[in-house]
**Q** 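Would you mind keeping the following structure in view while I ask a few things?
The basis for the numbers below is simple: all heavy atoms, side chains too, and nothing from hydrogens, waters or symmetry mates. Naming: A, B, ... by sequence-line order, numbering from 1 per chain.
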Amino acid sequence: MQITLPDGSVREYPDGASGLDVAASIGSRLAKAAVAVRHDGEMWDLTRPLPGDGTVEIITDATEDGRHIIRHSAAHIMAQAVLDLFPGATFAIGPPIQDGFYYDFAVDEPFTPEDVERIGDRMSEIVAEDQPFIREEMSKADALEIFARHRFKVEIIENVDESEVGAGDVVSAYRNTDAFTDLCRGPHIPSSGRLKAFALQRVAGAYWRGDEHKEQLQRIYGTAWESKKALDEHLHRLEEAEKRDHRKLGPELDLFSFPRDLGSGLAVWHPKGGMVRKQIEDHSRRLHERFGFEFVVSPHLAKSHLWETSGHLGYYAENMYPGMEMDGGDEYRVKPMNCPFHVLIYKGSARSYRELPLRLSELGGVYRYERSGVIHGLLRARGFTQDDSHTFCTPEQLGSELLMHLEFVLQWLRDFGFDDFEADLSTRPEKYVGEVPRWEQAERELAEALEAAQIPYQVAEGEGAFYGPKIDIHVKDAIGRRWQVSTIQVDFNLPERFDLEYTAASNDKGRPFMIHSAKAGSIERFFGVLVEHYAGAFPMWLAPVQVGIVTVADRHEEYADRVAERLRNAGLRVEVDAGSGKLGEKLRRMITQKYPSILVVGDNDVEGGTVGFRLRGEDERRGTPLAEAEQLLVEAAEVPS
RNA sequence: GCUGGCGUAGCUCAGUUGGCCAGAGCAGCUGCCUUGUAAGCAGCAGGUCGCGGGUUCGAGUCCCGCCGCCAGCUCCA
């Protein structure tokens, strides 16, 4: 048969040749690194005879596809270990995932940490045995017989899902030993000995088929790599990510805390965190003003009647706190969103097309009841502040308004040091309100805005909210993680529910379009993302303390205070440490607290009107004239614009 | 909400099978040192061992309930 290789060359192989034969004919190193092949785009086991002519690409171990296969095989090996060690256990599904794999089991007793250790040990034995992964194809009927004892496998075979076992009546399975076969589409590594590096990580409950009404299984997570080195690097990356964790850095840098007595998901901001937050909020107001928004303020409570009109009590009640009885029997609710208030402002007077677009903005504190298991530091809290805006405009204005909102969001994110964006455009779901032509206009104009702004985006078909289509913007942080932050949403629901109108030039009544937008999303969440992005080392304009001044000895305190005074007059946030400790000790404190700049003053500086000057991450420059230091610091602390 | 793990001074942690087990380092305070670029020395103070019940002659150590934290599942119109 004729095989075309990725470089375009064509080679002749005998019928029945396998991917391994192809790889070996190219080079022994390649054959050694190969884990599977792709034949005409379809993945095949390395040792499985190729079906005939076609293009063949060798999948090697250090690629995403290769690791995928290694991890999938690791999951099988883990299943074998579990079934060996726990006679009553049965297995459900075990796919590879980002950076690892898992397998779900039904067992009499949940796995203990000691069990996991034993499972890992048994896996090592299976790897040492170098068991082959033998592909077997069979009819569904035969498969049902083989897996009769395993109810989840039976369910999978009966509801055969092509993505799980392949098309048609034939299903495939992989046999490692006479005692262990797993239903699987493949491909797999040729033998268990090819699993070079793995680690089991944790146990967690997981619902069968992801449905919380179904049986809860025990899931074991693990990770597997092509080499010990790659595994170690991955574990190291996890440690690095842990060091950036805002829940750890927050208290360490004295930014915020979650006191037990407050309640879960409720934070208090300490002075340092409060200062950073103030910078974020100041910047939010600055940009909102620049982009033509007006500022409004609304209370934390409103009558339940308002939430009925808005529809929140119908579709959002489970995320709202219970009502409070007030005078006269009226019930009040704490707000989970700001939109109804802004709508009331719009509705407060008759609106003319001449007033539109009307752009209302508020840093509004909201409270949402989140299920206890989902709370996650500042990223998912029960009380938070949205940098929320609602824009009301005519149909003709929608396109330019959406583009303006998008440009605003992008500038906002760039100002905070993000420059890798991706967007999701979510379109009309099955259940929706509003008129289809309006949806289509909004979807089209959202897409046009994304294209005009040259933002890569994916269309999430049918993923829009019931009330309108939206754009969600994701940013990539310093270590490559994606975070969903900003959002721009069109809303057909509230203008209907509140019967919003404006008078058009023709003197006819029109219904305005409404655009919800949050640039940071939640200030708390955005702050948390910033902490992780910068690992707590904020850029100088955000840093709570911008300049730390350290005295060499007590006698330099007066000079240090004079320097501080001067820098404060230049608009900088300055802290003096004239404590009695050693210089190194005081410096260390400021460095570990991630101060962006530190000045040291001693005898020579007092005499010469200079400072020892150092910016974070740079070497010190002694004897820097004060005026020069001031200029450098002011420049370094400049707010983006 | 569910499954598993965890909860000892402000922080990081030690505390064997329940009985001199309430400890260490850092931080804090006081004193000495008067310091030139990442931890000077000494002393002092600090915890009803998350909270509430229970078992026991005796519980940080065992049991139950609650609260909180961590991972995952579910959720995040």
Side-chain angles (χ1 to χ4, degrees), chain A residues 97 102 104 107 109-113 115-116 201-221 242 245 247-248 251-252 254 257-266 310-312 314-320 336-337 339 368-377 379-381 426 429 431-433 463-468 470 472 484 489 491 493 516 521-522 525 548 550-557 578-593 598-606 611-614 618-623:
Chain A
I97 51 173
Y102 67 79
D104 287 347
V107 279
E109 292 292 324
F111 297 116
T112 64
D115 291 339
V116 174
Q201 293 168 302
R202 56 182 64 89
V203 180
Y207 300 104
W208 170 234
R209 295 291 192 199
D211 182 341
E212 67 175 315
H213 302 294
K214 291 190 171 150
E215 181 176 359
Q216 188 160 33
L217 307 173
Q218 293 296 309
R219 174 172 297 177
I220 304 177
Y221 282 91
E242 212 171 301
D245 193 321
R247 292 167 302 181
K248 182 175 152 66
E252 268 176 27
D254 202 17
S257 61
F258 288 92
R260 302 272 128 100
D261 292 338
L262 255 186
S264 182
L266 300 170
S310 68
H312 286 89
Y315 59 80
Y316 203 71
E318 16 180 275
N319 288 291
M320 292 173 68
M337 296 188 192
C339 8
R368 297 182 183 176
Y369 174 74
E370 300 284 2
R371 295 219 260 174
S372 63
V374 307
I375 288 167
H376 187 92
L379 301 183
R380 194 87 178 269
S426 301
K431 281 182 67 178
Y432 66 95
V433 299
E463 291 294 308
F466 73 89
Y467 55 76
K470 63 176 178 179
D472 292 318
Q484 207 270 104
Q489 318 191 349
D491 186 338
N493 183 48
H516 301 254
S522 135
R525 184 182 152 79
V550 188
T551 54
V552 173
D554 290 353
R555 60 180 177 278
H556 308 124
E557 182 169 0
S580 65
K582 294 281 187 234
L583 177 62
E585 192 182 341
K586 293 188 278 190
L587 268 170
R588 180 184 157 79
R589 198 193 111 248
M590 290 184 173
I591 292 167
T592 51
Q593 288 289 304
I598 301 174
L599 306 182
V600 175
V601 296
D603 286 335
N604 302 334
D605 299 299
V606 174
V611 295
F613 178 92
R614 72 142 88 191
E618 295 181 13
D619 289 336
E620 77 266 16
R621 295 162 45 189
R622 297 197 193 173

**Q** Closer to the 5' end of RNA chain B via nearest nucleotide, is it A/Phe258 or A/Gly623?
**A** A/Gly623
**Q** Rounded to whole angstroms, how far apart are CZ on A/Arg589 and C1' on B/G28?
**A** 13 Å
**Q** Would you mind telling me which of B/A38, B/C69, B/G36 lies closest to the side-chain atoms of A/Arg260?
**A** B/C69
**Q** B/U35 C1' sits how many Å from A/Asp603 CG, rounded?
**A** 10 Å
**Q** Would you please confirm or rule out a distance under 4.0 Å between OP1 or OP2 of B/C69 and any side-chain N or O of A/Ser264?
**A** yes
**Q** Looking only at atom P, what distance separates B/C29 and B/U55, rounded to whole Å?
**A** 46 Å
**Q** Would you mind telling me which of B/U35, B/U74, B/G72 lies closest to the side-chain atoms of A/Val374?
**A** B/U74
**Q** For the pair made of NE2 in A/His376 and P in B/C75, what is the distance, rounded to whole Å?
**A** 18 Å
**Q** Sticking with atom C1', work out how far B/C49 lies from B/A39, rounded to a whole angstrom.
**A** 30 Å
**Q** Got a donor-acceptor contact below 3.5 angstrom from the A/Lys586 side chain to the A/Gly579 backbone?
**A** yes
**Q** Calculate the interatomic distance between A/Glu212 atom CD and B/U74 atom C1'; express it in whole Å.
**A** 5 Å
**Q** What integer distance in Å separates A/Phe111:CZ from B/G5:C1'?
**A** 15 Å
**Q** C1' atom, B/C44 versus B/U35: distance in rounded Å?
**A** 24 Å
**Q** A/Tyr221 has a side chain; which of B/A38, B/U35, B/G72 sits nearest to it?
**A** B/G72
**Q** Quantified in whole Å, what is the P atom distance between nucleotide B/G53 and nucleotide B/G1?
**A** 23 Å
**Q** Nearest to the side chain of A/Ala553, which nucleotide is it out of B/A77, B/C76, B/U35?
**A** B/U35
**Q** For the C1' atoms, the ones on B/A9 and on B/A27, what distance do you get once it is rounded to whole angstrom?
**A** 11 Å
**Q** So which nucleotide does B/G47 pair with, by the Watson-Crick or G-U wobble rule with both distances under 3.5 Å?
**A** none
**Q** Is the phosphate of B/U35, meaning OP1 or OP2, less than 4.0 Å from a side-chain N or O of A/Arg555?
**A** yes
**Q** Side-chain N or O of A/Tyr432 less than 4.0 angstrom from OP1 or OP2 on B/A77?
**A** no
**Q** Using the P atom as the reference point in each nucleotide, state the distance between B/G46 and B/U3 in Å, no decimals.
**A** 42 Å
**Q** Could you let me know what B/A42 is paired to, Watson-Crick or G-U wobble, both distances under 3.5 Å, or none if it's on its own?
**A** B/U30
**Q** Between B/C20 and B/U37, how far apart are the two C1' atoms, rounded to whole Å?
**A** 48 Å
**Q** Remember a base hit wins even if backbone is also touched, and classify A/Asn604 as base, sugar-phosphate or nothing at under 4.0 Å, heavy atoms.
**A** base
**Q** Report yes if a side-chain nitrogen or oxygen of A/Arg202 is closer than 4.0 Å to either non-bridging phosphate oxygen (OP1 or OP2) of B/G5; otherwise report no.
**A** no
**Q** Side-chain N or O of A/Arg622 versus OP1/OP2 of B/U37: is the shortest distance under 4.0 Å?
**A** yes
**Q** Taking atom C1' in both B/G18 and B/C11, what distance in whole Å separates the two?
**A** 29 Å
**Q** Counting Watson-Crick and G-U wobble pairs only, both distances under 3.5 Å, name the nucleotide matched with B/G7, or none.
**A** B/C67
**Q** Nearest 0.5 Å, what's the CG-CD distance between A/Asp254 and A/Gln593?
**A** 7.5 Å
**Q** CZ of A/Arg219 to CH2 of A/Trp208: how many Å apart, nearest 0.5 Å?
**A** 10.5 Å
**Q** Looking only at side-chain N and O atoms, does A/Ser372 come under 4.0 Å of OP1 or OP2 in B/G1?
**A** yes
**Q** Measure from CG on A/Asp472 to C1' on B/A77 and round the result to the nearest Å.
**A** 12 Å
**Q** When you check the gap from the basic side-chain N to the acidic O, do A/Asp245 and A/Arg247 get nearer than 4.0 Å?
**A** yes
**Q** Does any N or O in the side chain of A/Thr112 come within less than 3.5 Å of the main-chain N or O of A/Asp115, such that one atom is a donor and the other an acceptor?
**A** yes
**Q** Side chains of A/Met337 and A/Arg368: closer than 4.5 Å at any heavy-atom pair?
**A** yes
**Q** Does the pair A/Arg555/A/Asp603 count as a salt bridge with the N-to-O cut at 4.0 Å?
**A** yes
**Q** Separation of A/Leu217 atom CG from B/A71 atom P, in whole Å?
**A** 22 Å
**Q** Mind checking A/Thr112 for me? I need base, sugar-phosphate or nothing, with any heavy atom below 4.0 Å counting as a touch.
**A** nothing
**Q** So if I take every side-chain heavy atom of A/His312 and compare against B/A39, B/G36, B/A77, which nucleotide ends up nearest?
**A** B/A77
**Q** Tell me the interatomic distance from A/Glu252, atom CD, to B/G10, atom P, rounded to whole angstroms.
**A** 17 Å
**Q** Looking at B/A77, B/A38, B/G36, which one has an atom nearest to any side-chain atom of A/Ile591?
**A** B/A38
**Q** Heavy atoms from C-beta onward define the side chain here; which of B/U3, B/A77, B/A38 lies closest to that of A/Tyr316?
**A** B/A77
**Q** Nearest nucleotide by nearest heavy atom, which residue falls closer to the 5' end of RNA chain B, A/Tyr467 or A/Gly263?
**A** A/Gly263
**Q** Could you tell me whether the side chain of A/Val550 reaches within less than 4.5 Å of the side chain of A/Met590, counting heavy atoms only?
**A** yes
